[in-house]
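Inspection log for the structure reproduced underneath, given as structure tokens.
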Amino acid sequence: MVIVSNPQLSRRPSVVISVRGDESSSRRKSWTNKNSHTTMYLIMMVLISLTLAMECPFAQAASNHNDGSTTSSTTSHPPRPMILRIRQLDGSISRVAITDKSASATTTVSQILASASEDDEDSITVSMNSKPIDPTKTISELGLQHGSLLSLTNRNDDEDEDGTCKKQKKLMKKVSAAATTEDDPSNNSMGEQKKRFDPFPELAKGESYEMVQRKVKARSRGKMTYKDIEKIRNALHLVEPQASDPAKHVNRVYMCRVAAQRFQQLVSSPTGGKTTKKTPKLSLLLGTMATERVQSGNSKSIPRTSLSSTRADQKMCKVVKVHAIWEPPTSNSNNNPKSSSATSYNSQGLLELWKEKSEYARALELASKLGLRPVGWIYSYNDEREELPVHGRDLVTGALFQMECMKQLGREDGARVVMLALHAETGATEAFQLSDVAVQMAAEGIITLPPPPPSSSSSSSSTVSKPQKSSKPAVSRSHKKEKEESTASKNPKSSSTTPRFLETRDPILVDSKETHELDAVLCLVNTAMLSHVGLFSGSEGVAHPVKGKNRSLTQNAKKRILAAAAAAATLEHESQQVLMKELCDLNVLLALDNLLQADQTDELCRIVQKWSRGQRRGTIIPPELCRVLQSVLSI
């Protein structure tokens, strides 16, 4: 079957169907198909409608371009508003819709914040993409678009008026202020302290915990964010064990055994019989700072000769050598040396060392002439301290003393001071240093000197002096005492039962927990202690040469010095050596300073210092000075 279109037909299309069979019966049949006519008509209408739909937008755009005016369709929607997002101080996000796009050229950010935020504009900073922006500028000037995010922060917290970070500025200001105080002697005077001295500015807190908490609560208006909580937490001191740092601390201390023996003799005072009374006292350690090799216990010692020198691979460390001790005049416990109930020393003399008092200033001046400076302090205790020889009172005293040393001697040299604790009965001594945070908390007043503990004898005497009126109150008191003991046994670390704990003014962070109790063991740095003989501690095996409150020489000391001075006047070498050994004592030189003139004391100190350093050949005391010593001591 073949389908052929006939072009000779009239307007209506026709289809000719030719059926081929046998040649004799072939015929042709054609007719007009009405159904095909309807189909072609529908196709033509669809094509015309598509053509018109494609030509209408171009025609409309062309007409608008030719007329020079824009016409909106009756079916167009209103323009979408521009949405700006604002992150508030509490972390919530609010949205502001701007319907009139033409107002973006005249509307400023301050006008938007006035309707979207209740915070004071002067106390907040507006930033976009972590960069501060000027709120007085308009939306178009800042280039804000639909969906832009503006963040609000407290200006007083992190940024200054110029948008810079304040944390670094505060730290630099503390360091510069501390340097100014250290360089200016007028600011260092104990009488007028215009500014608080911070021993460690990097650990100092600019404001107290209560002040920071009050400010944050007032600013947050009851809606505290994580940032506010973090700021309150940053106002607390973190207390944790501090390891020994060779750059800051002393690796070891050499204690003079002659001075330690004399100090133990001062602690023990006879009571008229065979027994002695142990009175807690303290003394100032005077010595020098030196640098030595750090010798590891595992490494084998390398033999040294006279030609040996320090190798580059050997590590060095700072050490303290104690050459003399000096007892401040007011170190008697509880200001009453005759009291048998004394259980603690009086730290007033140690803490007032640099005050303008003649005796303190004279002792430090004479020590400086001999090349000595304060390197620490030593105290004795007569109570049983099985856990730790350092209690809270000892910790605060050492921190305040180190702060004064750093103020007078500088931060680097003043921080290298040691604290020795001596048992009055056995003479066992341990050496410690204090952590940086303990000294800084003492400077800020977070830890203060607690009252001296009550003596056992006074409490027992008061108990005996009050007779019992009946058996019933006695039973109640015993019951109360048993209850307190049971409470103490349940909480052995309570500050009321353990004197090594301190009550702090502000809370501190210990093991990530806020607490008001400070354990003294967290503020100590263990220090190795060795023994040696100091240069200005006197002869070994000789009793203390001075006595009494006026620090005058004993009769035995006067006799020895008079005999040695009389023999040394002949310039005999052995007699000169004997006199030098008697004068190489800081306490003897302090006693002679009251009797000699200033130039005579200076000359005597110069000769003694030269002889103690090893320059003994040719170092003699002139006969004139020997005769002066004889005259002043024979009175």
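Please read all numbers here as calculations on a predicted model, not as lab measurements.
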Could you tell me if the side chain of [Y] sits less than 4.5 Å from the side chain of [X], heavy atoms only?
X      : Y      : result
Leu589 : Leu370 : yes
Asp519 : Arg500 : yes
Leu284 : Ile325 : no
Val533 : Arg257 : yes
Ile232 : Glu514 : no
Leu524 : Leu388 : yes
Leu238 : Val437 : no
Thr448 : Arg505 : no

Taking all non-hydrogen atoms of both residues into account, name the closest pair between [X] and [Y] and its distance.
X      : Y      : result
Arg411 : Pro201 : NE-CD, 3.9 Å
Glu444 : Leu203 : OE2-O, 4.3 Å
Cys523 : Leu395 : CB-CD1, 3.7 Å
Val253 : Ala431 : CG1-CB, 3.9 Å
Arg373 : Asp413 : NH2-O, 3.5 Å
Asn346 : Leu282 : O-CD2, 3.8 Å

Ignoring hydrogens and angles, tell me if any N or O in the side chain of [X] forms a donor-acceptor pair with the backbone of [Y] under 3.5 Å.
X      : Y      : value
Gln242 : Asp436 : yes
Ser612 : Gln609 : yes
Gln433 : Thr527 : no
Lys205 : Asn234 : yes
Asn129 : Lys131 : no
Ser380 : Lys281 : yes
Thr429 : Gly427 : yes
Arg362 : Leu590 : yes
Thr504 : His516 : yes
Arg393 : Pro450 : yes

* Do the rings of Trp326 and Tyr360 sit parallel, tilted or perpendicular, given the 30° and 60° boundaries? -> perpendicular
* Glu425 vs Asn382, side-chain hydrogen bond (donor to acceptor under 3.5 Å, both in side chains): CA-CA, chis, key distance, verdict -> CA-CA 7 Å; Glu425 296 289 343; Asn382 57 4; over 6 Å; no
* Asked: Could you walk me through whether Ile133 and Leu150 pass the side chain to side chain contact (heavy atoms under 4.5 Å, CB included) check?
  -> CA-CA 9 Å; Ile133 60 175; Leu150 303 179; 3.8 Å; yes
* Worked check of side chain to side chain contact (heavy atoms under 4.5 Å, CB included) between Val390 and Glu430 -> CA-CA 10 Å; Val390 180; Glu430 298 184 50; over 6 Å; no
Could you grab the distance from atom [atom1] of [X] to atom [atom2] of [Y], nearest 0.5 Å is fine?
X      : Y      : atom1 : atom2 : result
His323 : Cys584 : NE2   : SG    : 12.0 Å
Leu351 : Met403 : CG    : CE    : 8.5 Å
Leu502 : Ile508 : CG    : CD1   : 9.0 Å
Phe200 : Met406 : CZ    : CE    : 4.0 Å
Tyr254 : His532 : OH    : NE2   : 9.0 Å

* Of all pairs that satisfy ring pair (Phe, Tyr, Trp, His ring centres under 6.0 Å), the ones with a partner from residues 407-436, not counting sequence neighbours ->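 For residues 407-436, and leaving out neighbouring residues, the ring pair (Phe, Tyr, Trp, His ring centres under 6.0 Å) pairs sorted by first residue read Tyr381-His423.
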* To do: Take Leu434 and Val525 through the side chain to side chain contact (heavy atoms under 4.5 Å, CB included) test and state the conclusion after the steps.
  => CA-CA 6 Å; Leu434 299 181; Val525 179; over 6 Å; no
* Member of Leu420, Val322, Val418, Val320 meeting the side-chain contact (heavy atoms from CB on, under 4.5 Å) criterion with Met529 ->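 Filter result, single survivor: Leu420.
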* Salt bridge or not for Asp593 and Lys369, using N-O below 4.0 Å? -> no
* Decide if atom CZ of Arg252 counts as having more than 12 heavy atoms of other residues, nucleotides or ligands within a radius under 6.0 Å. =>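 Buried by this count: over 12 neighbours within 6.0 Å.
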* Asked: After noting the C-alpha distance and the side-chain angles of Leu152 and Val126, does the key distance pass the side chain to side chain contact (heavy atoms under 4.5 Å, CB included) rule?
  -> CA-CA 5 Å; Leu152 306 182; Val126 187; 3.8 Å; yes
* Full working for salt bridge (Lys or Arg N to Asp or Glu O under 4.0 Å) between Glu230 and Arg233 -> CA-CA 5 Å; Glu230 183 182 3; Arg233 193 175 181 86; over 6 Å; no
Can you give me every donor-acceptor pair (side chain of residues 206-213, partner residue at least two apart or in another chain, under 3.5 Å) with its distance?
from: Glu207; atom 1: OE2; to: Lys215; atom 2: NZ; distance (Å): 2.7
from: Ser208; atom 1: OG; to: Met211; atom 2: N; distance (Å): 3.4

